[in-house]
Amino acid sequence: MLAEQRKKRILHEVQENGAAHVQDLSRLLGVSPMTVRRDLAELDEQGLLTRIHGGAESTTSTLEPAYSEKMSLNSEAKGAIARAAADMVGADQSIGFSAGTTCTRIAQEVTGRPEPSRLTVLTNSLPVADEFFRSQAGPEADPAKTSDPHQVLLTGGERTPSDALVGPLADAALGYLHVDILFLGAHSAGDAGLTTPNLAEARTNRALVRSARTVVAVFDHTKWGISGLAGFADWSEIDVVITSPGLPEEALEFMQEKIDKVVIAS
């Protein structure tokens with residue numbers, strides 16, 4: 001691959017995902033980390049991206065990729081996170097889900113397990129709600145699951161590119177509801193906590209956090225170090241983190257100091 005083709009691919013990865021890590025780009029392109037760092041330095045000088053420790057991020061913190069674009073990214077890591085998260089779910093619990101593709105994968109894992117367990121589900125995510133509705137409706141539904149169906153509570157609100165319902169209607173609905181566990185996705189994570197490029201989604205996520213007894217942050221390692229426009233949870237509000245291998249060592253040590261439990265799902 002020629003240098004200019006390589007740089008175009010790097011820029012595409014950063015713009016599509018919001019950020020990229022040196023090691024991931026090195027594996028993707030089949031070149032050394034040193035070569036990737038040199039390319040990132042040149043792209044940074046041109047103002048096309050911003051170098052950060054361990055990688056680079058998009059020059060805008062307001063970029064919000066469409067849900068369909070994000071669903072296929074880091075699929076293996078999201079699957080491992082989903083399995084670890086689903087292990088926390090017990091029968092007859094009330095479970096909250098924020099929007100995001102990782103939370104959708106958790107919903108798929110929970111509904112795909114053979115043991116029937118009636119849940120009360122609270123979410124502002126259209127795909128998450130659809131997963132639970134599909135699991136107990138239609139000709140292929142499992143009778144063992146439909147005999148005592150889940151109760152699904154979907155907030156109202158304005159739809160975002162990530163298929164979240166946000167805004168005053170969603171916030172008002174969440175104001176008087178409470179769940180045992182909340183699975184909380186994030187566009188980005190860093191020393192200051194969890195962030196998103198969408199201001200309205202940040203407000204609704206804060207309402208979700210207030211509604212939960214236990215907050216479980218779920219994000220893969222590529223989300224670390226990206227800067228989103230709006231913060232919605234600091235580490236003092238998070239009880240458990242489930243993430244993937246590849247997280248920078250200093251980030252892992254940082255979270256282990258701040259969080260009661262950090263799970264590396266693989």
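Because only heavy atoms are used, hydrogens play no part in the values below, and waters and symmetry mates are left out as well, while side chains stay in.
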Is there a donor-acceptor pair closer than 3.5 Å between any side-chain N or O of D180 and the backbone N or O of Q93? no
Are L165 and L174 joined in one hydrophobic group, where the rule is that I, L, V, M, F, W and Y side chains link up if heavy atoms are under 4.5 Å apart? no
Could you work out, with salt bridge (charged side-chain N to carboxylate O under 4.0 Å, His left out) as the rule, every residue matching R210, not counting sequence neighbours? none
Can you hop from V240 to F219 via hydrophobic side chains spaced under 4.5 Å? no
Nearest 0.5 Å, what's the CZ-CG distance between R9 and D39? 13.5 Å
Could you tell me which non-hydrogen atom of G156 sits nearest to which non-hydrogen atom of A170, and how far apart they are? O-CB, 3.2 Å
Validation row: F183, V89 side chains within 4.5 angstrom (heavy atoms): yes
Are any non-hydrogen side-chain atoms of D220 and K78 less than 4.5 angstrom apart? yes
Residue pair E201 / H187, side-chain heavy-atom distance below 4.5 Å: no
CE of M34 to OG of S26, rounded to nearest 0.5 Å, is 11.0 Å
Minimum heavy-atom distance I242-M88, with the two atoms named: CD1-SD, 4.1 Å
Taking NZ, NE, NH1 and NH2 as the nitrogens, is one of them in E109 or R113 under 4.0 Å from a carboxylate oxygen of the other? yes
Between atom CD of E131 and atom NE2 of H150, what is the distance when rounded to the nearest 0.5 Å? 11.0 Å
Could you tell me whether a side-chain N or O of H221 sits under 3.5 Å from a main-chain N or O of P245, the two making a donor and an acceptor? yes
All salt bridge (charged side-chain N to carboxylate O under 4.0 Å, His left out) counterparts of E253, not counting sequence neighbours: none
pair D24-E13: side-chain heavy atoms closer than 4.5 Å: no
Determine whether V179 and F232 fall in the same hydrophobic cluster, where Ile, Leu, Val, Met, Phe, Trp and Tyr are linked whenever their side-chain heavy atoms lie under 4.5 Å apart. yes
Find the distance between CZ (F97) and CG (L182) and round it off to the nearest 0.5 Å. 9.0 Å
Heavy-atom distance under 4.5 Å between the side chains of T243 and L252, does that happen here? no
Looking at R118 and D92, is there a salt bridge between them, counting it only when a charged N and a carboxylate O are closer than 4.0 Å? no
Return the CD1 to CG distance between I238 and L194, rounded to the nearest 0.5 Å. 5.0 Å
When rounded to the nearest 0.5 Å, the distance separating CD1 of I95 from OG1 of T123 is 11.5 Å
Is the shortest heavy-atom distance from the side chain of L154 to the side chain of L126 under 4.5 Å? yes
Over all atoms of both residues, closest heavy-atom pair of T195 and G231: CG2-CA, 3.8 Å
Under 4.5 Å between any side-chain heavy atoms of P248 and H21, yes or no? yes
For residues 254-266, run the donor-acceptor check on the side chains, cut-off 3.5 Å, and write out each pair with its distance to 0.1 Å, sequence neighbours left out.
none

Checking T111 side chain against A107 main chain: does a donor-acceptor pair fall under 3.5 Å? yes
Heavy-atom pair with the smallest gap, counting every atom of V110 and A86: CG2-CB, 3.9 Å
According to a 4.5 Å side-chain heavy-atom criterion applied to Ile, Leu, Val, Met, Phe, Trp and Tyr, with indirect links allowed, do L153 and I106 form part of one hydrophobic cluster? no
For S75, is there any backbone N or O sitting under 3.5 Å from a side-chain donor or acceptor partner on R105? yes
Could you state whether V216 and V128 fall into the same hydrophobic cluster, counting links through intermediate Ile, Leu, Val, Met, Phe, Trp or Tyr residues with side-chain heavy atoms under 4.5 angstrom apart? yes
Classify the angle between the aromatic ring planes of W235 and W224 as parallel (below 30°), tilted (30 to 60°) or perpendicular (above 60°). parallel
Let me know which of N205, T196, V215 forms a side-chain contact (heavy atoms from CB on, under 4.5 Å) with S98. N205
